[in-house]
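Notes follow once the structure below has been shown.
Note that these values count all heavy atoms, side chains included, but never hydrogens, waters or copies made by symmetry.
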Amino acid sequence: MELTVYLAGEIHSDWREQLKTKAEEKNLPLNFVGPQTNHDLSDDIGEKILGKQPDNYYRDDAASAVNNLRTQVLMQKADVVIALFGEKYRQWNTAMDASAAITLNKPTILVRPEEFIHPLKELSNKATITVETIDQALEVLAYIYE
């Protein structure tokens with residue numbers, strides 16, 4: 001049985017590649033999807049499809065519409081969601097994606113460092129499980145196959 005895993009979270013580090021490599025090493029039958037990780041493409045996609053926008057507000061709005069559609073489609077097809085709250089970057093999109101996954105009743109693994117226990121307490125309480133590392137998240141998925 002292959003599971004599709006949506007990888008929500010910041011796009012500035014290589015955490016997705018680390019997780020994918022570790023999953024391959026464990027021979028876990030997982031298919032990974034997630035947000036657009038090419039930041040420039042993500043920012044430009046609205047104008048690329050809809051044409052030049054009159055100002056930055058409309059440019060961001062057009063890009064957001066396309067990115068939100070992409071996220072919605074991929075998340076709805078996912079069997080499970082891993083939402084990583086990294087330590088370095090602001091995490092608005094991660095919070096939005098984790099909330100959407102929970103609302104869709106997707107099994108949700110929240111990954112957050114210890115210092116985020118308090119600010120993420122309500123979201124953590126709603127997630128299926130909360131862990132502190134991507135290794136722990138992967139162990140949770142591996143347990144499905146035990």
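Nearest heavy atom pair, residue Pro35 against residue Gly9, reads CG-O, 4.4 Å. Residues Ala137 and Val131 share a closest heavy-atom pair of N-CG2, 3.8 Å. Nearest heavy-atom pair, Gln36 versus Asn38, reported as atom, atom and distance to 0.1 Å: OE1-N, 3.0 Å. Of all the heavy atoms in Pro29 and Met1, the pair that sits closest is CG-O, 3.3 Å. Across all their heavy atoms, Val140 and Ile109 have their closest contact at CG1-CD1, 3.8 Å. Of all heavy-atom pairs spanning Leu138 and Ala23, the tightest one is CD2-N, 3.5 Å.
By the 6.0 Å contact criterion, CD on Glu2 is enclosed, its count of non-hydrogen atoms from other residues, nucleotides or ligands being greater than 12. Residue Tyr58 qualifies as open at atom OH: its count of foreign heavy atoms under 6.0 Å is 12 or below. Annotation for Lys52: atom NZ does not count as buried by contact number, only 12 or fewer foreign heavy atoms lying within 6.0 Å.
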Test log, rule side-chain contact (heavy atoms from CB on, under 4.5 Å), inputs Leu41 and Lys48 = CA-CA 9 Å; Leu41 178 58; Lys48 185 175 180 179; 4.1 Å; yes
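No continuous path of hydrophobic side-chain contacts links Ile129 to Phe116 [ILVMFWY only; heavy atoms under 4.5 Å]. Under a hydrophobic-cluster definition in which Ile, Leu, Val, Met, Phe, Trp and Tyr are linked whenever side-chain heavy atoms come within less than 4.5 Å, directly or via other members, Val5 and Val111 are assigned to the same cluster. If you chain together hydrophobic residues whose side chains sit under 4.5 Å apart, Ile82 and Leu3 fall into the same group. The hydrophobic clustering, which links ILVMFWY residues whose side-chain heavy atoms are closer than 4.5 Å, places Phe32 and Val81 apart. The hydrophobic cluster containing Ile144 also contains Ile134, counting ILVMFWY residues as joined when their side-chain heavy atoms lie under 4.5 angstrom apart, directly or transitively.
Leu84 contributes atom CG, which lies 12.0 Å from atom CG of Asp97 (distance to the nearest 0.5 angstrom). The line from CG of Leu104 to CD of Gln76 is 5.5 Å long, rounded to the nearest 0.5 Å. Arg70 contributes atom CZ, which lies 8.5 Å from atom OG of Ser42 (distance to the nearest 0.5 angstrom). Residue Thr130 holds its OG1 atom at 13.0 Å from NZ of Lys121, rounded to the nearest 0.5 Å. Put simply, CG on Asp14 and OG1 on Thr21 are 8.5 Å apart, with the number rounded to the nearest 0.5 Å. Atoms CG and CG, from Leu19 and Leu30 in turn, are 8.0 Å apart once rounded to the nearest 0.5 Å.
Counting heavy atoms from C-beta on, the side chains of Met96 and Asn68 come closer than 4.5 Å. Within the 4.5 Å cutoff, the side chain of Ile45 has heavy atoms near those of the Asn67 side chain. Between Val80 and Leu141 there is a side-chain heavy-atom pair separated by less than 4.5 Å. Inter-residue side-chain proximity for Leu123 and Ile102 is flagged as met; some heavy-atom pair is nearer than 4.5 Å. You'll find the side chain of Tyr6 stays beyond 4.5 Å of the side chain of Lys77, heavy atoms only. Looking at heavy atoms from C-beta onward, Phe85 lies in side-chain contact with Leu110 at the 4.5 angstrom threshold. Contact check for Ile117 versus Arg112: side-chain heavy atoms found under the 4.5 Å cut-off. Annotation: side chain of Arg16 is in contact with side chain of Ile11 (closest heavy-atom distance under 4.5 Å).
Salt bridge Lys20/Glu17: present, at least one basic N to carboxylate O contact under 4.0 Å. Remark: Asp43 does not engage Arg59 in a salt bridge, criterion side-chain N to carboxylate O under 4.0 Å.
With hydrogens and angles ignored, the 3.5 Å screen pairs a side-chain donor or acceptor of Glu10 with a backbone N or O of Ser13. A donor-acceptor contact shorter than 3.5 Å links the side chain of Gln136 to the backbone of Glu132. Remark: side-chain polar atoms of Gln53 are paired, donor with acceptor, to backbone N or O of Gly51 under 3.5 angstrom. Side chain of Thr108 to backbone of Lys106: a donor-acceptor contact under 3.5 angstrom is found.
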